[in-house]
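In what follows, chains carry the letters A, B, and so on, assigned in the order in which the sequence lines appear, proteins first and then strands, with residues in each chain numbered from 1.
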Amino acid sequence: MADEASKAYTPGEVETKWYDRWVEANCFRGDEKGDGEAYSIVIPPPNVTGILHLGHVLNNTIQDILARRARMQGKEVLWLPGTDHAGIATQSKVEQKLRKEDKITRHDLGREKFLEKVWEWKEEHGGIIIQQLKRLGCSCDWSRERFTMDEDYYKWISKIFVDLYEEGLIYRGKRMVNWCPKSLTALSDEEVIMKPQKKSKLYYMRYRIAGEDDRWVEIATTRPETLMGDTAIAVNPKDERYADLVGKKAIRPFPEAEIPVIADDHIDPEFGTGVLKVTPAHDKNDFEIGQKNDLEIIDVFNPDGTLNELAGPDFEGMDRFKAREAAAEKLDEMGQLVKVEDYENAVGYSERADVPIEPRISMQWFMKYPCTDEAKAAVANDEIAFRPVHHKKTFANWMDGIQDWCISRQLWWGHQIPVWYKKDKAEELQAMESLSADIAGDDIYVAVEPPSDESEWVRDEDVLDTWFSSWLWPFATMRSCEEDSTDTLAKFYPTADLVTGPDILFFWVARMIMAGYRWQGELPFKNVYFTSIVRDKKGDKMSKSKGNSPDPLDLIADYGADALRFGLLRIAPSGTDVKYDENQVKEGRNFATKLWNAARYREMQGEVTSDVTTVENPSIFAIDILAKLDQLQKDLEESYGEYKFNEVAQRLYDFFWSNYCDWFLESAKGDFADDADPAAKAATCATMDVVLRRYLMLLHPYMPHLTEELWDRFSFGEEGTFLMNTAIPTDSVLGDISATDVEAAQTQVAAIYEAVGRARNLKATYQLGASKDITFIIDPEGDVESALEVFGKLAGAKEVKVEAGYTAEKGVPVAICSIGKVYMPLDGLIDVDAERERLGKELGKAEKELEKVEAKLSNDKFVNNAPEKVIGEMRERKEHWAGRVDELKGMIDGLG
RNA sequence: GCGCAGGUAGCUCAGCGGUAGAGCGACUGGUUUACACCCAGUUGGUCGGCGGUUCAAUCCCGUCCCUGCGCACCA
């Protein structure tokens, strides 16, 4: 055994020590040739620019728990880690740095040089989150770490692009897309978040009708800054108010022009004035109206959200929001602004850049999803099980309304689209309104490798959406696109569990399922566990900008990784959000300390019997705790089966703190007295060893470092082995003790513990909580001799006497328990009034219970309808409470 | 607007037809030879509102009110 442990557990050194040893011993390696049943998880690759936040902690701790538990079930485990190149985020970060340090833009450098800078940045900062995951204790197979920009992975992206292009599922077209004026790229629908705008305004303005004297039409809009791009005004065809206007022209105030008045079903006569200004270049619906009615498209914006020369000299170069005010002002000056109302609407924001997106017509690549039917069916019939299940419905809804995916991004950092245009026709081809395999013919080259005569071609400049690489993650990390299969894939695919946040259900999970079917011919994972979102105490989502997100590394430094893991998991319910509070981590730390001290206490009693698995001649208290340990193991099994990680943690906590430390250890302390029976001492030590040994195994997935440390201190494992790789036995720790004996012992122990509780209560009532100078007299029910010592010890008594039929003096406090009546005579301290009050209170409670039961039993309907069992229970209860009431009344009477 | 969660002790959450539970907090008392990151005890609930089903409802049904999430949005 090691040197005597210190009173306080210091996790820091212990944790890094064990992590290093595990890594050195190659404990995390998932062996594709291993014999055990395979268990695999792929990590949701964190953003390479990212740093660890509490969401990661929760998510990755759950994965680590699953992986570690699977190893201890004897499985061959692969937890495959990696990072994501995060196109926009990473590129922005590097651009920001260039702007700050060198005062240059990426265009000053050129594509190639810029990408070199990004790689440099990645090499320097990209590993941070991986280091942080290691500090958390994550048992990933680091030898297989992947990055979405790795060469093999890059090829995969090109290959699937080519596949889908040839299949006709990928095409290019000029469409209305979500444009981010800050990142200067198109975004997919999923990257746009609708945010309610409480301070919007609805501007009412009037346009003059051409060819008529002083006839005006009133229009309501939230975006007067786009009116320069108006190419029509529209009314509902059924709207009689404006029927005669249809076919006429209205005058757009600036730049002044005549635009047609058209009729379209889309217009809601109830809204505003029932007249819509149609700006096909700047609104999705307007664009459709424009298409239907063959309207001119005038784009008055620059890509960065400023207005261009088509908006006229007053507005050219002005920011869109400034232009909104300026346009309204100008209308006002012209006498054409009727009124401005406060208005609330919702506007789409760029998820990453957090600026309002601009609907914009541009040339982009789109994809129709493959294997949607398989994906839908797999989730609907639980081949892929979602937890919590309600996410199934969200998934089904999204799949049913699925839209083509805009996959091109106007960025440099990412997977460049593997499309080359014939040099002499490039301009023409790139300007074509639509482009697909059957249209382009030989003038376009689409392949994984560049054309052999590359100088004759021009490559498409865009890169692909980052999620276009993530959706291959489960299999592209296990084989390259040039291999049909690999041993790793054969062993570990499909993966078992995917642990991720519900916020990326569409972005990632749904798409991975489709990709799995399309390229691997089967589902990518069998279970999806959606974690909770970590919020602060007030319920706000954690974010860097709010500053309400503590740095997990600080928490680890203060409390230890095990404490953070345990504390967070203990309060992480499935299905709802987690409200984080640092106190929970403190509780985790306290629990670690508790375990540490319980182990230390065992060390103080002498040599640990490292190989003992059952106890010889156990006391009833030993049998009781061993039985509870067996039950714990069964309960954990059940909780794990339902992925109730918080319940697992709570059960581990309750067993150890309450059952083992507060009750068993306290009951056993007598065995360590100088004059105690050596055989009893040995049995108790053996019980502690059996319990600690099994318990460390059960706790290990949650608190891997500390349990490994104690496992080592106690030499529970064989030389050169680790707890983390030790299979948990499934046999009972009770050995061959008969079920009858176990039940008898547990009943007896429960009765003693109950009596202890009541005795403590009596002491506390009389302000004697700490006093040991108390004698209890028991008027027993049955044989209580064997209980006396422990009862006295736990209740804190000087002496316990047994006197059958004991008649107490007036006013002696008493507790009625299943072991008998427990009297607490107080020489010279009897306070008759206090005891009367106390008994009166108890009587009140008992009478209330009795009333409730009697009411039920006197109800014919209840007696006639309720099941026998329930009626029987009620009768027993009535008897119990009636007896109790009688007893209490007798006692109160006895007080005089 | 549609859909999905959730509303239980001061806080965080279990329970989901038959006596309302835990942890933390608060309060009281404690150096009992592992642990004050501790021990013992106490307090604390019209189980969101209103109806209904049932012998019996926190639990099932309806409805309404709040909170969060997703989807669609009238410019």
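Between the side chain of A:K393 and the base of B:A5, no donor-acceptor pair under 3.5 Å is found. Remark: the A:K594 side chain and the B:C35 base include a donor-acceptor N/O pair separated by less than 3.5 Å. Judged by distance alone, with hydrogens and angles left aside, A:E666 brings a side-chain donor or acceptor within reach of the base of B:A34, the pair sitting under 3.5 Å.
OP1 or OP2 of B:C38 has not a single side-chain nitrogen or oxygen of A:W657 nearer than 4.0 Å. Close to B:C4, at under 4.0 Å from its OP1 or OP2, lies no side-chain N or O of A:K392. Put simply, A:K852 has a side-chain N or O that comes within less than 4.0 Å of OP1 or OP2 on B:A20. Dashed line: the shortest gap from a side-chain N or O of A:N345 to OP1 or OP2 of B:C74 is not under 4.0 Å. Contact annotation: A:N590 reaches the phosphate of B:C38 (side-chain N/O to OP1 or OP2, under 4.0 Å). Distances shown here put every side-chain N or O of A:Y601 at or beyond 4.0 Å from the OP1 or OP2 atom of B:U33. For B:G41, the OP1/OP2 oxygens have a side-chain nitrogen or oxygen of A:R760 closer than 4.0 Å.
Regarding A:K586, its NZ atom lies at a distance of 18 Å from the P atom of B:U12, rounded to whole Å. A:N597 places its CG atom 14 Å from the C1' atom of B:U33, with the value rounded to the nearest Å. Following rounding to the nearest Å, A:H266 (NE2) and B:C74 (C1') show an atom-to-atom distance of 8 Å. The CG-P distance, from A:N646 to B:G23, rounds to 15 Å in whole Å. Nucleotide B:C35 holds its C1' atom 13 Å from the OH atom of A:Y653, rounded to whole Å. For A:I871 and B:A56, the CD1 to P distance is 14 Å, given to the nearest whole Å. Spacing between atom CD of A:E582 and atom P of B:G25 amounts to 14 Å, rounded to whole angstrom units. Look at CD1 on A:I193: it is 17 Å from C1' on B:C73, rounded to the nearest Å.
Using a 4.0 Å cut-off between charged nitrogen and carboxylate oxygen, A:D671 and A:K681 do not count as a salt-bridge pair. Salt bridge absent: A:E666 and A:K793 never bring a charged side-chain N and a carboxylate O closer than 4.0 Å. Taking 4.0 Å as the cut-off between side-chain N and carboxylate O, A:R223 and A:E358 count as a salt-bridged pair. Salt bridge A:R651/A:E647: present, at least one basic N to carboxylate O contact under 4.0 Å. Ion pairing between A:E341 and A:K339 holds under the 4.0 Å rule for side-chain N and carboxylate O.
Relative to the side chain of A:K644, the nucleotides B:G18, B:G15, B:C74 differ in distance, and B:G15 lies closest. The side chain of A:Q650 lies closest to B:A22 when the candidates are B:A75, B:A34, B:A22. When distances are taken from the side chain of A:D662 to each of B:C55, B:A34, B:C39, the shortest belongs to B:C39. When the nucleotides B:U19, B:C55, B:A75 are ranked by their closest atom to the side chain of A:A866, B:C55 comes out on top. Candidate nucleotides B:U19, B:C73, B:U12 were compared by shortest atom distance to the side chain of A:K579, and B:U12 ranks first. Counting only heavy atoms from C-beta on, A:H390 has its side chain closest to B:A5 among B:G41, B:A34, B:A5. Set against B:G18, B:U12, B:A75, the side chain of A:I571 has B:U12 as its closest nucleotide. Of the listed nucleotides (B:G70, B:G18, B:C35), B:G70 has the atom at the smallest distance from the side chain of A:T394. Considering only the side chain of A:T221, B:A75 comes nearest among B:U12, B:A75, B:A34. Nearest nucleotide to the A:E587 side chain, out of B:G18, B:G23, B:A40: B:G23.
For B:C74 and B:G15, the C1' atoms lie 46 Å apart once the distance is rounded to whole Å. With C1' as the reference atom, B:U43 and B:G25 are 12 Å apart, rounded to whole Å. Remark: the separation of the P atoms in B:G70 and B:C55 is 44 Å, to the nearest Å. The gap from the P atom of B:C4 to that of B:U12 amounts to 26 Å, rounded to the nearest Å. Taking the C1' atom of each, B:U53 and B:C60 are spaced 8 Å apart, rounded to whole Å.
Listed by first residue number, the stems of RNA chain B with at least three Watson-Crick or G-U pairs below 3.5 Å are B:1-7 with B:65-71, B:10-13 with B:21-24, B:26-30 with B:38-42, B:48-52 with B:60-64.
As judged by a 4.0 angstrom heavy-atom cut-off over every strand, A:E873 is placed among residues making no nucleic acid contact. Within 4.0 Å (heavy atoms only), A:N864 reaches no atom of the nucleic acid at all. Using a 4.0 Å heavy-atom cutoff across all strands shown, A:D503 reaches no nucleic acid atom at all. When heavy atoms are screened at a 4.0 angstrom cut-off, A:R223 is found touching no nucleic acid atom at all. If you check every strand for non-hydrogen atoms under 4.0 Å, A:P502 touches nothing. Contact annotation for A:M874: backbone-only contact, meaning every heavy-atom pair under 4.0 Å involves sugar-phosphate atoms and none involves a base. Residue A:F506 is in sugar-phosphate contact alone, with no base atom involved, counting any heavy-atom pair closer than 4.0 Å across all strands shown. Residue A:D286 is classed as having no contact, given no heavy-atom separation below 4.0 Å to the nucleic acid. Within 4.0 Å (heavy atoms only), A:N761 reaches sugar-phosphate atoms of the nucleic acid but no base atom. Residue A:Y204 is classed as having no contact, given no heavy-atom separation below 4.0 Å to the nucleic acid.
With no hydrogens or angles considered, no side-chain donor-acceptor pair links A:S858 and A:K856 at under 3.5 Å. A donor-acceptor pair shorter than 3.5 Å can be found between the side chains of A:E582 and A:Y559. Under 3.5 Å, the side chains of A:N583 and A:E587 contain no donor-acceptor pair of N or O atoms.
Ring centroid separation for the pair A:F386 and A:F395 comes in under the 6.0 Å cut-off.
The minimum heavy-atom distance linking A:G274 with A:I267 is given by the pair O-CG2, 3.3 Å.
RNA chain B is contacted by both A:Y9 and A:G272; A:Y9 maps to the nucleotide lying nearer its 5′ end (nearest heavy atom per residue). Residues A:G757 and A:V863 both approach RNA chain B. Their nearest nucleotides, taken by heavy-atom distance, put A:G757 toward the 5′ side.
In this structure, A:F591 and A:Y653 have tilted ring planes: the angle between them lies in the 30° to 60° band.
The only option from A:V528, A:T394, A:T500 that meets the side-chain contact (heavy atoms from CB on, under 4.5 Å) definition with A:L505 turns out to be A:T394.
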